[in-house]
Amino acid sequence: MNRLVDVGKATFAKSISRRDFVRAAIAAGGLASTYASGMMGLLRISRAPSREVRATLNEISKDLITSNIDFFIRNHFATPKINSDAWSLEIGGMVSKPLRLSYSDLLLTSSVRRAFTLECAGNRSGGGGVGTAVWSGLPLAELLKQAGLRPGATTVVFHGADSGDGEAVPPGTHFARAIALDKAMDPSSLLAYEMNGEPLPADHGFPLRAVIPGWYGMDSVKWLTRVEISDQPFKGYFQQEEYVSVKANGERRPITRMLVNSKFLRPFEGEEIQGKTYRVEGEAWAGEGSIGKVELRLQPSGPWQQATLSAAAVTMVWTPWSYEWQIVRPGQYTLEVRATDSDGHTQPDVRDPDRKDAYELNTPHRISVSVRS
Ligand code: MTE
């Protein structure tokens, strides 16, 4: 059994407090790049006691982090029960030194921690299939380097422990997804064992999951058992039959990066509002990029009005926004929100009519509310 050598201890941990660590992890980019330029905003930390991390998370930014209990769950099969003492992860395939890691190997290795937003590829506009958590884990790239990538490797396949016959899958299929080696080598791609300062909850992938920031959630494979490096396109069921964009003319394209998107947090659909002012709030996110602006419309075909970003826009993390609505008169309103990323991509007004699949749904979130005087 190969024991993982430590991938590096915290070099700047002593100079700022744990509280600042977590703040910086959440705000990513800024502080992180000051202290760890070249790591793309990831903070390398020695393990902090989870209780302390949780307390700090509670203190800050409730609008930024989704608690574990509120985080959406998307499982194709039943949640597997995994005993961490018996579990191990294998990293094999086109590598010169295959690795096998136990749970305690993971815990003994210094980790990185950062907030990332995860959205399900099938999340409907305004739907609950999106959330942001602070993930702690090991940079995948460092493990792959330790395993020694062999020339010609192009693809990294994540295998999950869950399998079954549900949802018309061939009997006995297990959940597995592949990503391009380039994405796997991005310093933000993690194998995560903690979510918001707690060991991963069973439904979210205990003991270890991939977190592939900026790409739709299907690539963040849970309950990892094996990471396989290959020089071939992966032909698994969930790679070929699902998570594919299909056009009316038969054109097919794999789903990868999250598209720019946004949603209301308040008011909610059907809410009755009273008064002359109302603070509208929500979140906007932009996959691998960051949010440039968020706009609101208070009546269909009315003018788009700019919302205020409540935090600095950070890549791969959603940005909270707000809008102070000065209500002129009572009545029925249809509110719409749309975001534009920093490269100028705006959410489309209507869904591409040629699309036959139900992924990448990012038309503006629309809600109806009534205002009483
Ligand atoms: N990993 C495994 N092993 N099995 C799954 O069914 N679902 C994927 C991904 N990883 C899935 C998985 C999908 S479609 C999404 S959107 C995310 O997990 C959801 O992660 P969450 O349940 O932690 O929110």
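Note that ligands are numbered from 1 as they come in the structure, with each ligand's atoms numbered from 1 the same way. No hydrogens, no waters, no symmetry mates; every other heavy atom, side chains included, goes into these values.
Across F175, F238, F158, Y216, heavy-atom proximity to atom 2 (C) of ligand 1 is greatest for F175. Comparing D162, V221, V211, L224 by heavy-atom distance to atom 4 (N) of ligand 1, the nearest is D162.
Here V350 sits alone; no ILVMFWY side chain lies under 4.5 Å from its own, so it joins no hydrophobic cluster.
Every N/O-N/O distance between W223 and ligand 1 stays at or above 3.5 Å. Polar contact check, N75 against ligand 1: no nitrogen or oxygen pair lies under 3.5 Å apart. Of the N or O atoms in F72, one or more lie within a sub-3.5 Å distance of an N or O in ligand 1.
Both the sub-6.0 Å distance and the 45° axial angle are satisfied by R266 relative to the ring of Y278.
Neither side chain, R366 nor T334, offers a donor N or O lying under 3.5 Å from an acceptor on the other.
The only option from E336, E295, Q347, H365 that meets the side chain to side chain donor-acceptor pair (under 3.5 Å) definition with S262 turns out to be Q347.
With a 4.0 Å heavy-atom cut-off, ligand 1 is reached by no atom of A121. Contact annotation: for R177 versus ligand 1, there are no heavy atoms closer than 4.0 Å.
At the shortest separation from atom 14 (S) of ligand 1 among protein heavy atoms lies Y243 OH, 3.0 Å.
Which parts of ligand 1 touch I73 is read off a 4.0 Å heavy-atom cut-off, strictly below it: atoms 22 (O).
For the ligand labelled ligand 1, residue E119 lies outside the 4.0 Å heavy-atom shell.
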Salt bridge (Lys or Arg N to Asp or Glu O under 4.0 Å) between E281 and R279, intermediate numbers included:
CA-CA 6 Å; E281 290 177 359; R279 186 181 164 85; 2.7 Å; yes
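Atom-to-atom distance recorded for L335:CG and E271:CD is 10.5 Å, nearest 0.5 angstrom.
When all heavy atoms of A184 and L144 are compared, the pair lying nearest together is CB-CD1, 4.1 Å.
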